[in-house]
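Each remark here refers to the structure printed beneath this line.
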Amino acid sequence: MKESRITLGVMLHARPAGLVSRAAKKYSAAIEIVANGKSADGKSIIALMSLGAKNGDEAIVRVDGDGESEALKEITAILTGEKEK
Amino acid sequence: MSKRRRNKRKINGEGVAEGFAMGRVRLVRSDADIEAAASSYVTGTMDEEMERVWAAAETLAKKLDDAAEKRADDDGDEAAILCAESEMVTDSSLHDAIADELARGKSTPYAIRNAARREAEKIAAVDDAYIKERSNDVIAVGRLLIKELCGIADAQDDGDGPLILVASDATADTIAALPEKRLCGIMLGDGSATCHAAILARARGIPALVGIGSIIRKIEDGMTMMVEGTDGESFAMMEPTDEEIAAARESYNEAQSDEAASDESFGDVLMRDDYPVLIRGNVTSASEIAKVITHGADGVGLFRSEFLFLGRETLPTEDEQYDAYRKAAEAAGSHPCVIRLLDAGGDKPVPQLTSARGANPMLDMRGIRLLLSCDENRAVLRAQLKAILRASAHGHLAVLIPMVTDAGDVMAVREIIDAIEDELRKDGVPFDEALPVGAMIETPAAAVLAESIASAADFFSIGTNDLTQYTLSIDRMSADKTYGAPAYLHPAVLGLIQMAIDSAEDADIPVTVCGEMAGDIVAAPLLAAMGVTALSMDASNIVKIQNVLEKMTLIDAQELLDVAQSAKSPSSYAEYALEKIKSLENE
């Protein structure tokens with residue numbers, strides 16, 4: 001398992017959350033995002049939106065399974081806003 | 001005797017916007033259509049249903065992804081929204097909830113609906129207004145999935161060619177979602193002359209038929225449709241033959257040239273005794289302004305800015321608005337152009353605004369109250385005012401405040417304008433120092449307080465559609481049916497309009513009427529007799545109103561007003577007025 005503690009650079013409304021869930025589904029590894037005292041399945045856009053997380057909030061990304069490092073890198077890049085699109 | 005055969009492809013309806021159009025049908029299903037399909041769905045075993053739901057979800061997700069790919073180049077925003085919707089359709093959390101609802105014995109369409117609601121509630125529980133509003137997207141996605149499952153999915157866009165919108169009912173949102181350049185006609189199962197679809201159709205100069213009834217079930221997506229909208233009884237034809245098209249086009253053109261022959265364009269119409277009444281146009285975008293001016297209008301009495309805000313995910317930026325208002329100012333040229341501030345709420349929701357929704361949408365926060373209700377909304381108002389002020393340097397703009405209830409609303413807007421003006425002066429940005437600020441008189445409260453509002457405002461604009469429904473406590477759609485004639489002819493409404501006009505006269509400020517009433521031949525003379533400065537209406541009504549007013553004197557109009565004020569019912573007045581107008585025409 002790998003995890004990384006980050007500061008969100010985006011607000012998790014429909015579009016950004018959709019980018020995260022779409023990227024997360026490419027990996028077989030389990031991906032969990034913790035923010036705002038709640039935890040969400042990184043592959044579920046609805047769960048991600050339900051976090052109600054905004055830019056500036058602290059978050060933890062946990063990845064467990066095949067391709068951990070790559071998945072962690074891609075998901076944190078979206079969440080920190082480094083990866084636009 | 002030859003047997004008369006009824007043409008089964010012919011559809012009769014009430015014409016509420018004039019014009020002639022041919023296009024492909026774009027069928028938009030309403031909630032009632034979905035309900036009907038859902039209630040007749042046959043639910044199989046749990047496994048079968050989960051499989052069917054998943055298959056429908058995958059098909060729908062693929063459609064959304066394809067649509068996103070098509071838009072990716074010219075509208076990245078739109079593409080990202082479609083991708084997000086596609087993610088929602090296949091969301092594991094949503095499908096778990098559907099399984100749970102099925103296990104409780106719900107039929108599949110209702111299982112999807114309930115599951116979408118449950119998931120939406122999770123998002124609605126978030127304590128951020130913007131994310132909270134997105135919970136509606138989940139409900140909308142659930143609806144798409146039900147449609148896909150029941151085989152009543154909306155057709156995919158073929159990319160070009162004119163479209164005829166067909167729906168049992170259409171909100172402003174539905175129409176704003178269709179490409180403006182391609183929408184060339186509207187047909188509604190229900191609807192009335194004052195519904196938003198009708199207003200929009202008249203503003204854009206495209207034909208609209210309402211009340212076509214149950215024949216709507218026979219209309220299929222993608223079929224060719226010919227629509228001929230005239231005032232009153234009109235018709236449409238499914239898959240018309242070449243002969244039918246030629247015949248309809250000819251008769252329509254003949255009727256048009258008769259009208260054009262009597263069309264002499266000038267801004268202010270003179271009644272027969274030289275009493276002047278200005279005629280202005282109602283528009284929803286700058287592109288419609290040229291049309292109202294060629295129809296003979298003295299500029300724009302109502303620019304409905306809400307159409308800049310509807311049918312999109314993000315609010316238009318100040319610069320985007322500035323471009324739109326500047327274009328409007330330039331298109332109106334030496335004529336005035338009155339921009340109504342964002343009139344959101346009620347049947348024109350703008351989800352990006354912060355609002356608390358009550359049980360009755362007509363009595364939710366609307367107009368200026370909504371814009372002043374919190375800091376977030378005030379920021380939206382401020383951006384709009386700044387865009388208008390910047391654009392005011394390019395023509396003759398005016399600001400109109402919707403849903404005013406007292407003078408305080410006007411003062412509040414003026415304060416914001418003053419602050420923006422200071423800023424612009426400091427930055428050396430040019431603007432019209434004398435930008436007029438007007439108040440909509442469309443609540444009974446505003447009519448009663450017209451005297452004090454007149455001391456704060458530079459002009460009045462009476463919105464008769466809302467004033468009528470708030471005065472008589474009857475929904476616009478049902479009002480006309482109740483009275484057998486337009487409900488604004490009711491003496492109670494006429495009384496409030498008179499109060500507003502009298503107060504404007506006392507304060508020496510101009511007063512315009514911009515509701516449907518101004519474009520109605522039996523009502524326009526009443527407004528002239530009450531003393532309005534200008535009548536503002538949809539492009540398609542301008543010539544008709546000019547013709548009627550030119551043929552009567554102010555005395556004739558005053559006589560009509562006397563009759564209307566003491567009429568037994570709006571319908572008895574309407575009958576009388578039509579007779580009178582006919583007799584004046586024959587004189």
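Proteins come first, then strands; the chains are lettered A, B, ... in the order of their sequence lines, and each starts at number 1.
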Item to check | Proximity breakdown for A:Ala17 and chain B, heavy-atom pairs closer than 4.5 Å | outcome: neither

Item to check | Residue part contacting chain B, namely of A:Asp41, when any heavy atom lies under 4.5 Å | outcome: side chain

Which distance, rounded to the nearest 0.5 Å, do you find between the [atom1] of [X] and the [atom2] of [Y]?
| X | Y | atom1 | atom2 | result |
| --- | --- | --- | --- | --- |
| A:Ile45 | B:Asp91 | CD1 | CG | 7.0 Å |
| A:Ser44 | B:Glu119 | OG | CD | 7.0 Å |
| A:Leu12 | B:Ile131 | CG | CD1 | 6.5 Å |

Around atom [atom1] of [X], are there more than 12 heavy atoms from other residues, nucleotides or ligands closer than 6.0 Å?
| X | atom1 | value |
| --- | --- | --- |
| A:Lys38 | NZ | yes |
| A:Arg5 | CZ | no |
| B:Glu51 | CD | no |
| A:Glu70 | CD | no |
| A:Lys54 | NZ | yes |
| B:Glu69 | CD | no |

Checklist entry - Would A:Lys25 and B:Glu87 satisfy side-chain contact (heavy atoms from CB on, under 4.5 Å), going step by step from the backbone distance to the final call? => result CA-CA 10 Å; A:Lys25 280 190 212 159; B:Glu87 284 295 301; 3.0 Å; yes

Next on the checklist: Applying side-chain contact (heavy atoms from CB on, under 4.5 Å) to B:Lys132 and A:Met49, what does each step give before you reach the verdict?
Outcome noted: CA-CA 9 Å; B:Lys132 209 191 266 288; A:Met49 288 171 75; over 6 Å; no

Item to check | N-O pairing of A:Arg15 and B:Asp137 below 4.0 Å | outcome: no

Item to check | Min side-chain heavy-atom separation B:Val126-A:His13 under 4.5 Å | outcome: no

Item to check | Heavy-atom side-chain proximity of A:Ser21 to B:Met88 below 4.5 angstrom | outcome: no

Checklist outcome for this item: Okay, B:Asp96 and chain A: the region with an atom under 4.5 Å from a heavy atom over there is neither

Checklist entry - Can you tell me if B:Asp128 uses its side chain to pair, donor with acceptor, with the backbone of A:Gly52 under 3.5 Å? => result no

Checklist entry - Among B:Ser92, B:Cys83, B:Ser93, which has the most heavy-atom pairs under 4.5 Å with chain A? => result B:Cys83

Checklist entry - What do the steps show when you test A:Arg22 against B:Asp65 for side-chain contact (heavy atoms from CB on, under 4.5 Å), and what is the final call? => result CA-CA 12 Å; A:Arg22 181 152 292 195; B:Asp65 286 343; 2.9 Å; yes

